[in-house]
Amino acid sequence: MRDKVPEPLADVLRTYCNVNALSGDWHESVRRMLEHTHEASLFKQQLADAILHRSISPANYERLTREDFDTPEDLLARLGELWRDMYGDEPVTLDDKQAVISLS
C-alpha cells in the first residue's frame, strides 16, 4: 500500500468524493475535468490499481474525503461504486497481463 494517493486520482477523490461535496452527476463533472487535462486514461488506470491492488488504505482515503471506512473491504466496495459510476459494467483491468475482475 502506498503512503500517498497519486494525482489525478487524489484530486478527484478530494474534490468530488469528499463528504461535503455536492451530490448528483459528479461523474460527468469528473469526465469533463479529466478530458480538459487529458488525464482520463491515467485516472482510470489509477482507480483500477486502487481496486485490483488495494493501493489506497482506508486512512489515506479518509484524509482526502473525510469519509470513514472500518475495513479495507468497505473501502473496496466504495471504490467499486466509483468505478461503476464512471465506467458502468466495464470490467476492472490494468492491462492485458493483469487479472480482470467484475464488480457485479
Side-chain angles (χ1 to χ4, degrees):
M1 215 165 292
R2 294 184 199 113
D3 290 334
K4 186 174 179 183
V5 178
E7 297 294 343
L9 180 59
D11 187 40
V12 169
L13 295 177
R14 190 181 307 108
T15 305
Y16 297 98
C17 299
N18 188 290
V19 295
N20 296 317
L22 298 174
S23 61
D25 291 336
W26 68 271
H27 52 283
E28 290 303 323
S29 297
V30 170
R31 282 191 188 107
R32 284 191 299 277
M33 186 257 311
L34 292 174
E35 287 173 3
H36 176 69
T37 62
H38 307 291
E39 293 183 329
S41 64
L42 181 57
F43 169 81
K44 188 175 185 180
Q45 177 185 14
Q46 291 171 346
L47 182 56
D49 181 63
I51 293 168
L52 292 169
H53 297 130
R54 298 183 180 211
S55 61
I56 299 175
S57 70
N60 284 342
Y61 189 89
E62 183 177 357
R63 273 192 284 281
L64 292 169
T65 67
R66 304 292 178 233
E67 186 173 1
D68 184 30
F69 290 99
D70 294 329
T71 68
E73 291 75 23
D74 291 341
L75 173 57
L76 182 62
R78 175 66 176 132
L79 294 172
E81 291 172 12
L82 298 177
W83 181 273
R84 280 189 295 278
D85 285 348
M86 289 293 295
Y87 308 109
D89 292 333
E90 183 178 333
V92 180
T93 185
L94 285 173
D95 59 43
D96 294 336
K97 297 177 187 171
Q98 296 289 338
V100 177
I101 65 168
S102 174
L103 296 170
S104 308

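Since this is a predicted model, take the numbers as computed values, not measurements.
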Going through the checks in order, is the side chain to side chain contact (heavy atoms under 4.5 Å, CB included) test met by Asn60 and Lys4?
CA-CA 7 Å; Asn60 284 342; Lys4 186 174 179 183; over 6 Å; no
Intermediate values then yes/no, side chain to side chain contact (heavy atoms under 4.5 Å, CB included), Leu13 and Leu82:
CA-CA 10 Å; Leu13 295 177; Leu82 298 177; 3.8 Å; yes
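Of all heavy-atom pairs between Ala21 and Thr15, the closest is CB-O, 3.5 Å. Considering every non-hydrogen atom in both Ile56 and Leu75, the closest pair reads O-CD2, 3.3 Å. In this structure, Ser55 and Ala50 approach most closely via the heavy-atom pair OG-CA, 3.2 Å. For Leu94 against Asp49, the heavy-atom pair with the smallest separation is CD2-N, 3.6 Å.
Legend: residues meeting side chain to side chain contact (heavy atoms under 4.5 Å, CB included) with Ala59, ordered by chain and number and at least two apart, are Ser57, Arg63. The side chain to side chain contact (heavy atoms under 4.5 Å, CB included) test applied to Arg66 returns Asn18, Val19, not counting sequence neighbours. A search for salt bridge (Lys or Arg N to Asp or Glu O under 4.0 Å) contacts involving Arg14 returns Glu7, Asp11, not counting sequence neighbours. For Phe43, the ring-ring contact (aromatic ring centres under 6.0 Å, His included) criterion is met by no residue, not counting sequence neighbours. Applying the side chain to side chain contact (heavy atoms under 4.5 Å, CB included) rule to Glu73 yields the partners Arg54, Thr71; only residues at least two apart in sequence or on another chain are considered.
Here salt bridge (Lys or Arg N to Asp or Glu O under 4.0 Å) pairs that include residues 34-47, with residues two or more places apart or in two chains, are Lys44-Glu90.
For the atom pair Asp74 CG and Leu79 CG, the distance stands at 11.0 Å (nearest 0.5 Å). In this structure, CE on Met86 lies 8.0 Å from CD on Glu28, to the nearest 0.5 angstrom. Taken to the nearest 0.5 Å, the CD atom of Gln45 stands 10.5 Å off from the OG1 atom of Thr93.
Counting heavy atoms from C-beta outward, Pro8 and Gln46 have side chains that approach closer than 4.5 Å. Side-chain contact between Phe69 and Glu62 is absent, with no heavy-atom pair separated by less than 4.5 Å.
In terms of hydrophobic clustering, with Ile, Leu, Val, Met, Phe, Trp and Tyr side chains grouped at heavy-atom distances under 4.5 Å, Leu52 and Val12 are assigned to a common cluster. In the hydrophobic cluster analysis, where Ile, Leu, Val, Met, Phe, Trp and Tyr join through side-chain heavy atoms closer than 4.5 angstrom, Leu64 is grouped together with Ile51.
Between Glu81 and Arg84 there is no salt bridge, since no side-chain N of the basic residue sits under 4.0 Å from a carboxylate O of the acidic one.
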